Number of protein chains: 2
Amino acid sequence: MARYIPTPQTFRRPNPILLWPACTASPASASFATTASPTRQGRENLGLPKRSSPLNTLYHSNPLRMAAVTPSGTRAWSTGVVRSSLIEPDGGELMDLMVPPDERAARRLEAAALPVVRIRMVDLEWVHVLAEGWASPLRGFMREDQYLQSLHFNSIRMEDGSMVNMSLPIVLAIDDYAKEAIDVSPDVALVGPNGEYVAILRSIEIYKHNKEERIARTWGTTAPGLPYVEEVIRPSGNWLIGGDLQVLEPIKYNDGLDHYRLSPRELRKEFDSRQADAVFAFQLRNPVHNGHALLMNDTRKRLLGMGYKNPILLLHPLGGFTKADDVPLYVRMEQHSKVLEDGVLDPMTTIVAIFPSPMHYAGPTEVQWHAKARINAGANFYIVGRDPAGMGHPTETRDLYDPDHGKKVLSMAPGLEKLNILPFRHTVNSFVPPFYFSSPIWLVPNCRLQHMTPHTKRWHFLILPELKSFYLSPVPRCGRTREMETTLPTVLCARAVGKFWPTIISAFKQKKQENTPPQYLFKGRIGALYESELF
Amino acid sequence: MARYIPTPQTFRRPNPILLWPACTASPASASFATTASPTRQGRENLGLPKRSSPLNTLYHSNPLRMAAVTPSGTRAWSTGVVRSSLIEPDGGELMDLMVPPDERAARRLEAAALPVVRIRMVDLEWVHVLAEGWASPLRGFMREDQYLQSLHFNSIRMEDGSMVNMSLPIVLAIDDYAKEAIDVSPDVALVGPNGEYVAILRSIEIYKHNKEERIARTWGTTAPGLPYVEEVIRPSGNWLIGGDLQVLEPIKYNDGLDHYRLSPRELRKEFDSRQADAVFAFQLRNPVHNGHALLMNDTRKRLLGMGYKNPILLLHPLGGFTKADDVPLYVRMEQHSKVLEDGVLDPMTTIVAIFPSPMHYAGPTEVQWHAKARINAGANFYIVGRDPAGMGHPTETRDLYDPDHGKKVLSMAPGLEKLNILPFRHTVNSFVPPFYFSSPIWLVPNCRLQHMTPHTKRWHFLILPELKSFYLSPVPRCGRTREMETTLPTVLCARAVGKFWPTIISAFKQKKQENTPPQYLFKGRIGALYESELF
């Protein structure tokens, strides 16, 4: 199904002299929270635990802040209305469910008199997603009509008959006690994990939460061991509550990364300020590696080749719930900073920001959500790779999804017609130099290996800072995707690696002398860094 | 979501004097197979085993044939082009995948030289469905793009951007050996269960058959015990083969019911010949009972109330694969005939025909298919009741689907906008006389009780021919749907009933004298005729 590629808009003059200065600014001065509320200080304890100060010093570079600073030191964008020059938000209007500052005191008083629904951290992340309009045209947690359309059609029909994509149910579960407490009240107050009033949910509708059906239709399996299912859905209540959301103040996590959490409105402003004539979004939940970098730079070239004059990359790591063995957000953000510092990606044409959504690991169903949310953030191109949002089957030795289904489903999804899908093109038989990307490796000793699916297991080049030019030889087991084997995991997210690190180092040194095939040394330890990790 | 109700067309004069004569015509003379091929005799052994002659004598009435005969004895319809005055087929064109008679010999020769794919009875039923255009715009078994759209979106996008509904994957599975045998051949021959060439599948595409994902996304569960899953999907191969179908000759079952198997083309002709200005379809896989009859007659009144002058009912029992404990097709057809003979439904405004599709029992997903296929047959109104295409959960003591989800999903389904959905309206607090429907009861001793879900179990009125005016008192356990308890199962499809029939008869006689509450007599035997059976 061919996609309509829009004609590039008339070239607009880029921002003058957007430099990439060396920077050691503190996280506080780098803060980007233009929607920060007057009561922000009072909410510092909401959500995540506060990080210790040594961690905060990691965030010495905010690529967006740097690139967006004009020579005079003021921000490059205006504070005017949001432009939607590249792509309209779904439903035509970008939702903003935040209570205006001058009404917050009154709404808080009102909330205190309402029946209370206690929400968890992951629910708070969804409140964040809804509040800023990532899920436009949703005005709150789904009512049953929306839920059923999402579950069965991955899309929702608007009043004018048009369809918007909506592949993941964005719902709030409550238990029998909460339902009973609500009784016939039309509105409820949502109270966060730390006891603070978060929002009012109005004109509520309570309906049955058939977990089995929700899981089966969202993941295409009901096998035990799906992270979001086990940690979020199964422990949740047997009812869903939908309604219109009024969020009492902006959601902050106080983890030193809030300045990366740009809302769709802020991102659109930034694209306008940079005078982008194309925005291509790249969703990721892993460190940027060689393959990613190659892909993103290649995409930029393709867009320039199409006639666009100023394509901007939105490097958009997911920041909400992830499974326990994924690389932690702060490590990823630090790595992303390094990538831009090193010039692997051009900071002049790249924006790094955090996508606040939780992760479902629901493959073809979830990739639609990832793309749809980026429409609302103003991106009109979306890069999709192999097995997006996929993972290994929780109980079988195979990938959960066909690795090609993600991009196929995405390219056919109702409501995404206006988005240009850029599937990753395999450049078979091309060989990328192994040292294309030279960032240091970050060790994360307490993460387990991901995707332990033997049939996709393969060896990748591995660059160790201690060993400089040393790397594992690729073992071409499938033979057809040779360029895949040149990709570089820059974070070894393996508990095994942490444990066996000294062994690995010494073994590598020995191997360097002996030229022994590495698979015999590390089989079952670090041997599972493979292509399904790439996207 | 309100539906557009079209303005009735200008009244056209109905057929003059369409009488309902008493009839004892034999099945042969009642045959309706206008598409019967020259080689029909040669295919008599294809498909189902031939029924014995005593059974054939059951089919002494074909309501359609009777009603459509003019006083002069000729058929009322012309042999001209198909009119689509009430509703367009999906995609604008009613598919006809039958090879024209003068080409069949050549195609048969060609088939004999192609790699062979052996198909099962249920696959043959799907060939039948596809061949006659019930699944228009499909031109054959689904290729992967269509399959993925069906699975994820319950709909398929046409080249012009419009959507057609397609909620069930209509696919053909093959095993590794068949795949290997096909090799690189672009076409294959389909060979039926009795070794006869059925069709050629052209420009084939072979892709992976992920059964778990197909099951989960279609049924919303992967629990063991789903009839279509266990009998059709799990034993099938690990590959799916799609392509364009050329069917070598019309599918016949030679079970004495072929005259009921009218194609969408034939049905459209019949609606035109009757000068229908509205056609309302009623899908069923159970005998017509009191509630059904009430509903269908009420619907007709509603349509007349809307201003339609000549609404025609398409009473459309499903004739393909059903689970072993459903009432057999020949019993149902006989019962349907009786219903029209008794005048419970008006034969002048009713057409009884068999819908050749297999049954999935996939609730809200399947009801879309049932509705969509009737669009192709020319129906512009569709009646939907409680828990359509639902069944009890195979491993839990509950219904598999929320009984209201069927009609909700149907009313929102992409591609069904042009169809008018008529949800059954519960007339709470109205009381329908128990003798509204006086057909005799048909005993089916070898069928098990369906839907053994205790929480919906309740007692219904029961009329026994031997006991004339005797019936069970309703036990209003839920209290809110009193009219439900007045409905009458006219076939006791319970193995228990067969076994315990003498006990029941004597117990009833005794009860009649003693006025004992019946639930104490029959608990666990015939006590499971309940409301989930009604629709």
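Naming convention: chains lettered A, B, ... in sequence-line order (proteins, then strands); numbering from 1 in each chain. Keep in mind that this is a model prediction, so the values were computed, not measured.
The two residues B/A413 and A/F153 make their nearest non-hydrogen contact at CA-CZ, 3.4 Å.
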Before giving the answer on side-chain hydrogen bond (donor to acceptor under 3.5 Å, both in side chains), spell out for A/H152 and B/Q368 the whole-Å C-alpha distance, their side-chain angles and the decisive distance to 0.1 Å. CA-CA 11 Å; A/H152 287 273; B/Q368 298 171 67; 4.6 Å; no
Determine whether B/E417 and A/R157 satisfy the following criterion, side chain to side chain contact (heavy atoms under 4.5 Å, CB included), listing intermediate values before the conclusion. CA-CA 11 Å; B/E417 299 82 1; A/R157 191 194 306 269; 2.7 Å; yes
Step by step, would you call B/M412 with A/Q149 a side chain to side chain contact (heavy atoms under 4.5 Å, CB included)? CA-CA 7 Å; B/M412 300 185 291; A/Q149 290 181 79; 3.5 Å; yes
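No more than 12 heavy atoms of other residues, nucleotides or ligands lie within 6.0 Å of CZ in B/R139, so this atom counts as exposed by the packing criterion.
Here the straight-line distance linking atom OG of A/S411 with atom CG of B/D145 works out to 7.0 Å at 0.5 Å rounding. Between the NZ atom in B/K208 and the CG atom in A/D404 there is a gap of 7.5 Å [rounded to 0.5 Å]. One distance of note links CG of A/L151 with OG1 of B/T365; it measures 9.0 Å at 0.5 Å rounding. Taken to the nearest 0.5 Å, the CG atom of A/D402 stands 8.0 Å off from the CG atom of B/L148.
Considering only heavy-atom pairs separated by less than 4.5 Å from chain B, the leading option among A/H405, A/R214, A/M163 is A/H405. Your options are B/K408, B/E213, B/E212, and the one with the most heavy-atom pairs under 4.5 Å with chain A is B/E212.
Contacts between B/N210 and chain A at a heavy-atom distance below 4.5 Å involve the side chain alone, from C-beta outward. Contacts of A/S167 with chain B are absent, with no heavy-atom separation under 4.5 Å from either backbone or side chain. In this structure, the portion of A/E144 lying under 4.5 Å from any heavy atom of chain B is its side chain and not its backbone.
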